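Keep in mind it's a predicted model, so treat the numbers as computed, not measured. Throughout, protein chains are lettered first and strands after them, A, B, ... in sequence-line order, and every chain is numbered starting at 1.
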Amino acid sequence: MIFRNKVLDIVKKIPKGKILTYKKVSELAGFPRAWRAVGNVLSKNRNLKIPCHRVIKSNGKIGGFNLGIKKKIALLMREGVKIENKRVIFQDV
DNA sequence: GACCTGACTCAAC
DNA sequence: AGTTGAGCCAGGT
């Protein structure tokens, strides 16, 4: 299981209404310092099977998504995620 | 195989 | 509070 696969797998495992940051994903992947690679892998792979819209930046802002950040926000809200002024209110539970 | 890039993050200014 | 710089990792070219 390579880093890229782990990242994709973790992101795929993100439950509905749950939000993870790139850093969190990297930690879960086993590479707490590979956050750059996380976003990079997602972008290079941009696998639509992966809810990349559930992956946001540490500051809560949506990163850069191919489909459009606004759409991600709307989608996240529809999934039960709270959004406030382009900010994802993700509780680190 | 080396260099560059990127959907990032932290810290300082 | 916003912007800039430096740091880090893997993937892609």
Side-chain angles (χ1 to χ4, degrees):
Chain A
M1 183 73 83
I2 56 181
F3 175 76
R4 169 167 63 76
N5 241 343
K6 291 179 90 168
V7 173
L8 298 173
D9 188 56
I10 291 165
V11 177
K12 282 191 305 188
K13 285 175 183 161
I14 300 178
K16 193 178 100 170
K18 185 63 180 296
I19 296 298
L20 289 177
T21 64
Y22 291 100
K23 194 163 57 149
K24 280 287 219 41
V25 175
S26 64
E27 289 182 50
L28 294 172
F31 294 76
R33 291 185 161 186
W35 59 72
R36 311 287 305 254
V38 176
N40 197 3
V41 167
L42 263 65
S43 70
K44 299 297 166 60
N45 283 269
R46 56 190 186 219
N47 193 330
L48 300 178
K49 309 169 85 74
I50 303 184
C52 15
H53 58 269
R54 287 183 188 150
V55 187
I56 59 174
K57 306 205 325 183
S58 290
N59 60 307
K61 294 290 259 302
I62 313 293
F65 296 99
N66 203 17
L67 300 179
I69 302 170
K70 297 178 61 178
K71 292 184 64 169
K72 293 343 180 294
I73 296 174
L75 182 59
L76 290 168
M77 290 181 76
R78 189 166 62 173
E79 292 193 350
V81 180
K82 291 193 277 286
I83 311 295
E84 198 60 66
N85 190 27
K86 305 295 186 293
R87 276 277 290 87
V88 181
I89 314 301
F90 69 100
Q91 294 86 327
D92 190 286
V93 200

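The footprint of chain A on DNA chain C, defined by a heavy-atom cutoff below 4.0 Å, extends from dG7(C) to dG12(C).
The distance between atom CD1 of Ile62(A) and atom P of dC8(B), rounded to the nearest whole Å, is 12 Å. Between Leu42(A) atom CG and dA7(B) atom P the separation is 11 Å, expressed in whole Å. For Asn66(A) and dG6(B), the CG to C1' distance is 14 Å, given to the nearest whole Å. In this structure, the CG atom of Asn47(A) is 17 Å from the P atom of dA7(B), given to the nearest Å. Distance, Lys71(A) NZ to dA7(B) P: 19 Å, rounded to whole Å. If you measure from atom CG of Asn59(A) to atom P of dA7(B), you get 15 Å, rounded to the nearest angstrom.
Across all their heavy atoms, Val81(A) and Lys18(A) have their closest contact at CG2-N, 4.5 Å. Contact detail for Val25(A) and Ile10(A): the closest heavy-atom pair is O-CD1, 3.8 Å.
Residue pairs satisfying the side-chain hydrogen bond (donor to acceptor under 3.5 Å, both in side chains) criterion with at least one member in residues 5-14 of chain A, sequence neighbours excluded, are listed as follows: Asp9(A)-Lys13(A). Within the structure, ring-ring contact (aromatic ring centres under 6.0 Å, His included) pairs that include any residue of residues 55-84 of chain A do not occur (at least two apart or interchain). Screening residues 49-68 of chain A for side-chain hydrogen bond (donor to acceptor under 3.5 Å, both in side chains), with sequence neighbours left out, gives Arg54(A)-Glu79(A).
Phe3(A) comes within 4.0 angstrom of the backbone, heavy atoms only, and of no base.
Hydrophobic clustering of Ile, Leu, Val, Met, Phe, Trp and Tyr side chains at less than 4.5 Å, counting indirect connections, unites Ile69(A) with Leu42(A).
Phosphate proximity of dA7(B) to Lys61(A): absent, as no side-chain N or O sits under 4.0 Å from OP1 or OP2. Side-chain nitrogen and oxygen atoms of Ser58(A) include at least one within less than 4.0 Å of the OP1 or OP2 phosphate oxygen of dT9(B).
How far CD1 of Ile62(A) is from NZ of Lys86(A): 10.0 Å, rounded to the nearest 0.5 Å.
By the side-chain hydrogen bond (donor to acceptor under 3.5 Å, both in side chains) test, Lys44(A) is found to be paired with Asn40(A), residues two or more places apart in sequence or in another chain being considered.
Within residues 25-41 of chain A, the residues having any heavy atom under 4.0 Å from DNA chain C are, by residue number, Phe31(A), Arg33(A), Ala34(A), Trp35(A), Arg36(A), Ala37(A), Asn40(A), Val41(A).
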Quiz: residues 26-36 of chain A side-chain donor-acceptor pairs under 3.5 angstrom, not counting sequence neighbours:
from	atom 1	to	atom 2	distance (Å)
Ser26(A)	OG	Tyr22(A)	O	3.4
Ser26(A)	OG	Lys23(A)	O	2.4
Ser26(A)	OG	Phe31(A)	O	3.4

